[in-house]
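For reference, the structure discussed in these notes is given below.
For clarity, every value in this text was computed on a predicted model and none was experimentally measured. For the numbers below, each heavy atom of this structure counts, side chains included, while hydrogens, waters and symmetry mates do not.
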Amino acid sequence: MVPNLPQPAPGYVASVDEVAVRLGVDPSTLTTAQRARIAAGLADAQGALESELNRPLLPSQVVACGIYPVPGEDMASWRAWRTHPWGDDVAVVSCVAAAGGGWDVTALVGIDARAIPDIRTWIVREAVAQVASDPASGMGQRAVKSVSAEGQSVTFESAPAPQGLTVEKLKRRWLRRGGGSRSVPHEAPWPYVGGVTIGTRV
């Protein structure tokens, strides 16, 4: 997470304020229209990267009912529930004995890119490039490429592409190639903060 800036809105990996700061704009001065333009850039960048990586960039809480663990495995580990088709990385939140047999397992499924610096940085940089390339946004530094003889039209240089981090580099680490499950670091949501809850149904 980024200190001293508002955290991303629900559904977003990065915040509007992060992009504004990279554009050299004081977030407190953003108009409603400018915030909407930045949010659109973030959504476009996030959606494009999700398609490239073949996975959502934010986890979903999923409850699998009446499933059985792999014998001998720690029930707090994803390995105990690896036979269930979760479809992505898994972090177990709670296990509760089901009334009809088996266990009801609550898990966070998918990666949380808000805590993955490379992905978050790429999305912010891509959003910055989009907004800075949009003359109507009124944000970012765009060098003038040419001006018509009459001075009635101006062409701007394209905003530079994000440097260092490329989609191919991110795909080497984060591309989902199959439906396997593995554990991922996570902060369990309330009321399970502090670890996995294993109990009985009441």
Side-chain angles (χ1 to χ4, degrees), residues 1-61 88-89 108-176 184-190 193:
M1 300 299 183
V2 177
N4 304 320
L5 286 175
Q7 295 306 318
Y12 287 86
V13 169
S15 72
V16 167
D17 287 16
E18 288 175 73
V19 177
V21 168
R22 293 293 183 91
L23 287 164
V25 178
D26 182 347
S28 67
T29 68
L30 291 173
T31 66
T32 300
Q34 287 175 325
R35 285 191 170 275
R37 179 62 187 88
I38 292 175
L42 282 169
D44 288 347
Q46 186 169 323
L49 192 57
E50 286 180 334
S51 295
E52 290 286 349
L53 300 182
N54 190 35
R55 70 196 316 167
L57 297 180
L58 294 172
S60 299
Q61 184 163 294
D88 206 336
D89 292 4
L108 295 179
V109 178
I111 62 174
D112 188 348
R114 293 169 298 187
I116 301 174
D118 279 357
I119 292 180
R120 187 163 176 158
T121 296
W122 189 93
I123 288 173
V124 169
R125 289 181 178 177
E126 181 65 19
V128 167
Q130 286 192 31
V131 175
S133 296
D134 178 4
S137 74
M139 294 176 284
Q141 300 297 317
R142 303 185 305 279
V144 174
K145 183 177 182 179
S146 64
V147 181
S148 67
E150 298 79 12
Q152 295 180 345
S153 65
V154 180
T155 301
F156 294 96
E157 296 283 1
S158 299
Q163 299 298 312
L165 291 174
T166 64
V167 171
E168 290 306 315
K169 179 179 179 180
L170 294 175
K171 287 171 73 171
R172 286 196 294 271
R173 173 65 180 85
W174 298 106
L175 177 66
R176 181 174 63 179
V184 292
H186 77 288
E187 180 178 335
W190 184 92
V193 172

Main-chain N/O of Ser133 paired with Ser137 side-chain donor or acceptor, under 3.5 Å: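 A pair under 3.5 Å: no.
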So which heavy atom on [X] is nearest to which on [Y], and how close?
X      : Y     : answer
Glu18  : Pro8  : OE2-CG, 4.5 Å
Arg35  : Val16 : NH1-CG1, 3.5 Å
Leu58  : Gly11 : CD1-C, 3.4 Å
Thr29  : Gln34 : O-OE1, 4.0 Å
Gln130 : Ala45 : NE2-N, 4.0 Å
Gln46  : Val13 : OE1-N, 2.9 Å

Gap separating the CG atom of Asp112 from the CG atom of Asp89, nearest 0.5 angstrom: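 If I round to the nearest 0.5 Å, the distance is 11.5 Å.
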Atom pair CG/CD1 of Leu53 and Ile119 - distance to nearest 0.5 Å: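 It is 6.0 Å, given to the nearest 0.5 Å.
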Heavy-atom side-chain proximity of [X] to [Y] below 4.5 angstrom:
X      : Y      : result
Asp134 : Arg37  : yes
Arg176 : Ile111 : no
Trp174 : Ile116 : yes
Leu49  : Glu126 : no

Pairing of Arg173 and Asp118 as salt bridge, 4.0 angstrom limit: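 Looking at Asp118 together with Arg173, the answer is no, because their closest N to O distance does not fall below 4.0 Å.
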Distance-only donor-acceptor check, side chains Ser15 and Asp17, under 3.5 Å: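 No, no side-chain donor-acceptor pair sits under 3.5 Å.
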